[in-house]
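These notes concern the structure reproduced below.
Each chain gets a letter, A, B and so on, in the order the sequences are listed, and its residues count up from 1. Below, all heavy atoms of this structure are taken into account, side chains as well, without hydrogens, waters or symmetry copies.
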Amino acid sequence: MIDKVVDNAATAIKDIHENAVLMLGGFGLCGIPENSIQALLKQGTKGLTCISNNAGVDDFGIGLLLKTRQVKKMISSYVGENAEFERQLLAGELEVDLLPQGTLAERIRAGGAGIPAFYTPAGYGTEVAEGKETREFNGKMHLLESWLLADYSLVKAWKGDTEGNLIYKGTARNFNPMMAAAGKITIAEVEELVPAGELDPNTIHTPGIYVQRIFQGKAYEKRIEQRTVSSPS
Amino acid sequence: MIDKVVDNAATAIKDIHENAVLMLGGFGLCGIPENSIQALLKQGTKGLTCISNNAGVDDFGIGLLLKTRQVKKMISSYVGENAEFERQLLAGELEVDLLPQGTLAERIRAGGAGIPAFYTPAGYGTEVAEGKETREFNGKMHLLESWLLADYSLVKAWKGDTEGNLIYKGTARNFNPMMAAAGKITIAEVEELVPAGELDPNTIHTPGIYVQRIFQGKAYEKRIEQRTVSSPS
Amino acid sequence: MLDKIGIAKRIAKEIKDGSYINLGIGIPTLVANYIPEKINVVLQSENGLLGIGPFPSEEQVDADLINAGKQTVSMTPGSALFSSAESFAMIRGGHVDLTILGAMEVSENGDLANWKIPGKMVKGMGGAMDLVASADNIIVAMQHTSRSGDSKLLKKCSLPITGLSCVKKIVTNMAVLDILPTGGFQLLERAPGVSVDDIKAATQGKLHVPDNVPEMTF
Amino acid sequence: MLDKIGIAKRIAKEIKDGSYINLGIGIPTLVANYIPEKINVVLQSENGLLGIGPFPSEEQVDADLINAGKQTVSMTPGSALFSSAESFAMIRGGHVDLTILGAMEVSENGDLANWKIPGKMVKGMGGAMDLVASADNIIVAMQHTSRSGDSKLLKKCSLPITGLSCVKKIVTNMAVLDILPTGGFQLLERAPGVSVDDIKAATQGKLHVPDNVPEMTF
């Protein structure tokens with residue numbers, strides 16, 4: 001039996017090479033692959049293209065890899081919380097592709113699902129449409145958008161089993177399931193790794209077929225960007 | 001508060017009109033909307049276009065509606081278990097569109113997701129490709145396929161709540177989730193209807209936004225087409 | 001003149017029972033606080049939640065449960081969680097009944113600009129382009145003029161566009177206006193203490209003014 | 001000559017540890033019974049299950065748990081359930097390592113016909129067109145000739161096509177053959193008691209015969 005379980009993040013990401021195209025799950029800092037990012041930081045691999053909805057903050061998430069100049073290009077929908085990002089962008093040190101969030105999600109989903117291209121109305125008539133084919137369906141204009149694929153997808157789940165099945169928690173699901181399917185090699189880190197058979201097959205969000213490596217993560221910080229609370233009334 | 005809960009199948013399907021386009025969940029006889037089909041039978045609405053992976057058997061599922069000549073057209077991927085179906089087809093009394101199963105699933109998914117068209121390799125070079133646009137992506141030929149939408153989707157779930165959230169069981173999920181999203185009016189019948197808040201939000205397969213009416217079904221027969229068992233060893 | 005809370009309160013009056021609503025960041029988020037109690041709506045968060053509840057108590061705060069503004073939230077009974085692809089399937093597929101978002105500029109034919117200011121750091125469009133390209137019903141919350149008094153209700157947007165012909169209704173600090181299907185701003189209501197002439201002066205795009213323009217009520 | 005079980009046994013030898021496999025109806029389904037114990041595979045059912053287990057006991061039979069042939073099945077530990085859209089996303093996206101299916105005809109360039117016989121009732125292609133258009137590795141299980149002795153390994157398929165240039169390997173009652181990338185059937189093995197001349201006589205399409213054609217072992 002081929003074992004998908006690896007010891008830790010360092011082993012899991014060891015073969016990620018310079019100039020690799022990565023997908024990293026998460027929305028803001030919610031549901032990001034903290035352990036894999038830390039391991040990439042330690043490994044120092046450079047020239048990375050990172051497909052991720054956001055770019056982290058200055059001292060957490062993908063922001064850490066920006067600081068060490070390991071990122072060549074970001075493909076994101078919103079990158080607003082990061083001063084170092086802004087500096088590199090304005091200095092021309094970083095390439096950035098900004099996409100509508102739904103288009104980003106659907107292009108990744110298409111990559112995993114073997115759909116090379118599809119039509120969406122999002123972005124028609126805007127800068128996003130520049131150079132793209134357009135077409136009318138049912139009286140409405142649409143853009144042709146292509147799939148996105150990655151050499152490696154780094155995803156974070158709540159629970160996982162040794163077959164690679166994953167369950168996410170709350171809004172930490174976000175981009176993780178589509179990215180898991182769109183990576184040639186998908187590396188999943190989980191808060192709790194259980195033997196095959198312990199997860200209810202009916203509640204699995206990412207079937208194990210999409211996951212090539214899995215490890216139990218540790219020391220999750222789960223930083224909160226906007227801690228908003230109700231005052232007791 | 002607008003209440004999605006209706007008393008029974010008859011009420012739920014009352015406004016389904018002649019020549020309506022319906023989607024009906026299920027694979028074979030697994031996960032089919034038994035109660036809604038029975039109610040349609042009783043109501044006698046004719047001229048129906050039924051989008052459903054299969055056409056039931058002679059005396060169950062959509063086969064019942066075929067027998068009463070309520071179905072004008074079937075859009076399916078496999079229709080092989082039904083003698084009356086065959087008779088009507090050969091007599092020219094029934095229109096049939098046969099689609100690759102994955103294309104059918106994806107066209108329905110596209111309908112719910114607002115994607116008017118997408119490219120798939122399935123069917124290229126076959127009869128299915130006749131009259132369709134083709135295009136090469138990454139050295140491989142693809143067909144352009146359009147979304148499918150329905151006036152009414154009839155789906156069957158295991159559990160549901162008063163907000164319309166649904167959980168399916170086993171392989172009875174199949175086409176139900178995509179159809180729930182692709183119906184202008186989606187009518188869900190469930191084996192167990194519970195108050196909002198009783199289902200774990202993390203385990204819901206169909207979010208309630210897709211469901212306009214829901215009722216607690218009754219007397220589920222759940223007929224088995226091929227009862228295969230292991231002999232005790 | 002309305003303040004931000006006033007704009008939010010006025011928009012809240014537009015909300016219909018049983019709606020699924022996506023609220024943008026800023027004033028739109030405030031709208032949730034003023035929805036009448038007898039009206040039940042479900043709030044959608046494009047990062048994967050239907051049924052946004054109030055901010056959590058200190059004890060309930062969960063880093064794995066945030067809204068699209070990255071604020072910690074709670075869930076209402078009957079909520080559902082899903083992926084970003086499913087979330088935008090809902091949005092693109094027209095399942096969300098009402099989208100409320102902020103704007104920098106709106107043109108008289110309903111074009112919206114709200115994501116980019118040339119020369120300034122571009123943060124990205126997030127989900128705004130998907131929302132405006134897909135939603136049938138879009139209400140914009142905005143200031144009628146810039147701080148220097150320039151109209152933001154224009155003949156043509158000067159800023160990069162977020163979506164074409166997408167806005168249906170606008171609630172500003174000065175007025176409530178519809179975008180007419182044939183083009184032009186249809187003045188519907190005045191904010192307290194604001195005259196029709198004030199609104200005319202503050203609106204660069206074509207403004208249709210009926211004989212009687214009532215003052216807003218709340 | 002092999003019987004159906006013989007074909008299934010020979011195909012079972014092609015299966016690699018750790019594979020995800022989709023088995024068609026008929027002989028392909030039998031393959032599951034002959035996979036060596038030391039090899040672990042996961043069987044995919046296109047109606048929404050990864051991890052098909054053996055047929056259930058009488059007590060375990062569940063109408064809500066069937067395979068693509070509509071037979072009641074069980075689930076292995078570590079299985080997962082999903083929708084038909086997700087299932088064909090897996091298939092179309094190339095995540096299934098091996099597809100084994102039956103054929104009526106195969107052409108020397110790997111075209112497959114297995115869904116329709118003109119003049120007979122058409123039941124439909126089910127998932128076959130998606131599978132053959134998407135899978136990188138397709139093994140076909142079939143009879144080498146029709147009952148009347150006509151070859152089913154042809155220059156060109158006479159029946160309506162299921163997919164173009166998709167077959168990689170064929171296991172018949174007479175032989176194991178590869179489809180060469182440049183076209184033609186490459187003879188690899190003979191069934192017990194079958195001569196190269198028998199195979200030549202039974203193959204209409206271009207057949208490449210090496211000097212030595214070993215008999216199959218099991």
Neighbour count above 12 (heavy atom, 6.0 Å) for [X] [atom1]:
X: D200(B); atom1: CG; answer: yes
X: K218(B); atom1: NZ; answer: no
X: K169(D); atom1: NZ; answer: yes
X: K206(D); atom1: NZ; answer: no
X: K140(B); atom1: NZ; answer: yes

[X] side chain vs [Y] backbone, donor-acceptor pair below 3.5 Å:
X: D64(D); Y: G31(B); result: no
X: N47(D); Y: N174(B); result: no
X: R92(D); Y: G102(B); result: yes
X: K70(D); Y: I224(B); result: no
X: T228(B); Y: T72(D); result: yes

Give a yes or no on whether a salt bridge exists between [X] and [Y], defined as a side-chain N under 4.0 angstrom from a carboxylate O.
X: K222(B); Y: D62(D); answer: no
X: E86(B); Y: K123(D); answer: no
X: R173(B); Y: E86(D); answer: no

Using a cut-off of under 4.5 Å on heavy-atom pairs, state which of [options] scores highest against chain B.
options: G127(D), G126(D), S79(D); value: G126(D)
options: A85(D), P56(D), A63(D); value: P56(D)
options: S134(D), G69(D), A133(D), S45(D); value: A133(D)

Please look at [X] and chain B and tell me whether the side chain, the backbone, both or neither of the residue comes under 4.5 angstrom of a heavy atom of that chain.
X: A68(D); result: both
X: D111(D); result: neither
X: V132(D); result: neither
X: T162(D); result: backbone
X: E46(D); result: both
X: I66(D); result: both

To the nearest 0.5 Å, how far apart are [atom1] in [X] and [atom2] in [Y]?
X: Q71(D); Y: R227(B); atom1: CD; atom2: CZ; value: 13.5 Å
X: S83(D); Y: F27(B); atom1: OG; atom2: CZ; value: 13.0 Å
X: S77(B); Y: W115(D); atom1: OG; atom2: CH2; value: 11.0 Å
X: S230(B); Y: Q60(D); atom1: OG; atom2: CD; value: 8.0 Å
X: S84(D); Y: R109(B); atom1: OG; atom2: CZ; value: 14.0 Å
X: T126(B); Y: L164(D); atom1: OG1; atom2: CG; value: 8.0 Å

Picking from [options], which has the most non-hydrogen pairs under 4.5 angstrom with chain D?
options: A55(B), P121(B), G123(B), P177(B); result: P121(B)
options: A122(B), S76(B), G28(B), A172(B); result: A122(B)
options: L29(B), L99(B), L104(B); result: L99(B)

By a 4.5 Å heavy-atom criterion (distance strictly below it), what part of [X] contacts chain D: side chain, backbone, both, or neither?
X: F85(B); result: side chain
X: N176(B); result: neither
X: E191(B); result: side chain

Q: Specify the closest pair of heavy atoms between T171(B) and L65(D), including all atoms of both residues, with the distance to one decimal.
A: OG1-CA, 3.4 Å

**Q.** Which atom of F55(D) lies closest to which atom of V229(B), heavy atoms considered
**A.**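 Minimum heavy-atom separation between F55(D) and V229(B): CB-C, 3.5 Å.
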
Q. Any side-chain heavy atom of F88(D) sitting closer than 4.5 Å to one from E106(B)?
A.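 A side-chain contact is absent here, since even the closest heavy-atom pair is not under 4.5 Å.
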
Q.
Measuring only between side-chain heavy atoms, which start at C-beta, is T103(B) closer than 4.5 Å to M129(D)?
A. no

Q: Please lay out, stage by stage, how M121(D) and L89(B) fare under the test side-chain contact (heavy atoms from CB on, under 4.5 Å).
A: CA-CA 9 Å; M121(D) 161 74 183; L89(B) 180 62; 4.0 Å; yes

